[in-house]
Amino acid sequence: MRIGYPCINLSIGCKADRKFRLKSYSLQRLINTINNNLRCLKKILEYNTDHSILFFRITSDLIPFASHPICKVNWQKKFTHIFEELGTYIKKHEIRISMHPNQFTLINPIDQKIFRRSLKELRYHTEVLDLLELDSSAKIQIHVGGIYGDKSGSMNRFISRYQKLEETIKQRLVIENDDRGYNLKDCIQIHNVTEIPVLFDSLHHEIKNSGETLTEAFELFTKTWRKKDGLPMVDYSAQQSEQKKGKHAETLDTKHFKHFLRSTSPFDYDLMLEIKDKEQSALKAIKIAKQTKGKQLIPGTISDQP
DNA sequence: AGTTGTCAAGCTAGT
DNA sequence: ACTAGCTTGACAACT
């Protein structure tokens, strides 16, 4: 098991997701920003490995406007060597990488234009992971998408669009259960037709499920990951107490997390902590996981998948 | 320096 | 009809 956090590090004083307004776009501004972001990504990864944090979600803002028509620069070529260097570091330290395109990236919209824009966005994410020369265990997670007033029709549209995607995208794409439209059961149903792996989000599952316990849920989604996909990925967060549904907690709740680890102890998986204080909670979680019997953190022996 | 309006993109649910 | 929320504030123009 690896433990990690998404996109932003709050202790090291640089950000890999610097961006700017479309109105202030210039070639130089773009190049400067990409340089900053890639350099900072390296620093974050170094901080992480120094602290045994070996799972990280790379921000979608790494290359601003990458899929926008305004972006004419061949950033793939211009920054090849920096990507290669980053990729070498990631592989050397066995860091697990994921990306999560934003809510505008949709496979199943009725409007073809929205799908075409989303496709560009998926290509951009794929290119980043390809330039890092990472294998198919580096994943891009998205939700199933909209309902459009016809859930089964929209699921079928997801399936047929997915099946026609290029292999480079398909080998990295995974779907995540959400807290409104498509729960775990829906995702499993799509998996049964497409073989797409299902990434499990614990908070979304708490909010919207079909009655599965945590253990039952793990039995279902862990089976959707093949060997080439790597360990199953899990997004973990807890409800901010007394707050609105779905709001992420400010910091890791020790009690809730220990219970989560105990309930899922027969399984091996990589865990992404979606918690506001980012790496602080990751550090806390690693400490707790080390103390908890039955969890073996990488580096070290990895227990076989049940 | 501090404040405030706005930001590429979509969808859903709640007001 | 409008807005908050999503994975997440922060850029940029103003005082």
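Every heavy atom of this structure was used, including side-chain atoms; hydrogens, water molecules and symmetry mates were not.
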Exactly one of A:Tyr47, A:Tyr5, A:Tyr89 should register a ring-ring contact (aromatic ring centres under 6.0 Å, His included) with A:Phe56. Which one does?
A:Tyr5
When rounded to whole Å, the CD to P distance for the pair A:Gln141 and C:dC6 reads 15 Å
If we take the P atom in both B:dA9 and C:dA12, what is their distance in whole Å?
16 Å
Do any pairs count as a ring-ring contact (aromatic ring centres under 6.0 Å, His included) and have a residue in residues 171-194 of chain A, sequence neighbours left out, and if so which ones?
none
Taking the same atom, C1', in C:dT8 and in B:dA1, what whole-Å distance lies between them?
26 Å
Among residues two or more places apart or on two chains, list those pairs meeting salt bridge (Lys or Arg N to Asp or Glu O under 4.0 Å) that have a residue in residues 76-88 of chain A.
A:Lys42-A:Glu85
Counting heavy atoms not belonging to A:Arg18, are there more than 12 under 6.0 Å from its CZ?
no
Salt bridge (charged side-chain N to carboxylate O under 4.0 Å, His left out) evaluation trace for A:Glu167 with A:Lys170:
CA-CA 5 Å; A:Glu167 280 303 317; A:Lys170 267 166 97 173; 3.7 Å; yes
Using the salt bridge (Lys or Arg N to Asp or Glu O under 4.0 Å) rule, collect all pairs that involve residues 47-71 of chain A, keeping only residues at least two apart or in two chains.
A:Lys19-A:Asp61, A:Arg57-A:Asp235, A:Arg57-A:Glu274
Looking only at side chains, do A:Asp277 and A:Ser281 share a donor and an acceptor under 3.5 Å apart?
yes
Distance, rounded to the nearest Å, where A:Asp61 contributes CG and C:dG9 contributes P:
12 Å
How does DNA chain B look in dot-bracket notation if pairs are Watson-Crick or G-U with both distances under 3.5 Å, crossing ones as [ ], other-strand ones as |?
|||||||..||||||
Between C:dA13 and B:dA8, how far is it from one P atom to the other, in whole Å?
12 Å
When the C1' atoms of B:dT6 and C:dT3 are considered, how many whole Å apart are they?
15 Å
Spell out protein contact along nucleotides 10-15 of chain C as letters: B when the base is contacted, S when just the sugar-phosphate is, - when no protein heavy atom is under 4.0 Å; keep the 5' to 3' order.
BBS---
Does the side chain of A:Arg157 come under 3.5 Å of the side chain of A:Ser154 through a donor N or O and an acceptor N or O?
yes
Sorted by chain and number, sequence neighbours left out, ring pair (Phe, Tyr, Trp, His ring centres under 6.0 Å) with A:Phe65 holds for A:Phe20, A:His68
Length of the line joining A:Ile147:CD1 and C:dC6:C1', which is rounded to integer Å:
15 Å
Which residues, ordered by chain and number, are linked to A:Leu10 in its hydrophobic cluster, where ILVMFWY side chains connect at heavy-atom gaps below 4.5 Å, directly or through other members?
A:Ile8
Remember a base hit wins even if backbone is also touched, and classify A:Tyr148 as base, sugar-phosphate or nothing at under 4.0 Å, heavy atoms.
sugar-phosphate
Please say whether more than 12 non-hydrogen atoms of neighbouring residues, nucleotides or ligands are located less than 6.0 Å from NZ in A:Lys91.
yes
With A:Phe221, which residues qualify under ring pair (Phe, Tyr, Trp, His ring centres under 6.0 Å), at least two apart?
A:Phe200, A:Phe218
Name every residue in residues 111-129 of chain A that has at least one heavy atom under 4.0 Å from any atom of DNA chain C, in order of residue number, or write none if there are no such residues.
none
Boundaries of the DNA chain B segment in contact with chain A, non-hydrogen, under 4.0 Å
B:dG5 to B:dT12
Could you note down all residue pairs passing disulfide (SG to SG under 2.5 Å) where residues 39-118 of chain A supplies at least one of them, sequence neighbours left out?
A:Cys14-A:Cys40
Mind checking the P distance from C:dG9 to B:dG10? Whole angstroms is fine.
22 Å
Could I get the full list of side-chain hydrogen bond (donor to acceptor under 3.5 Å, both in side chains) partners for A:Tyr25, not counting sequence neighbours?
none
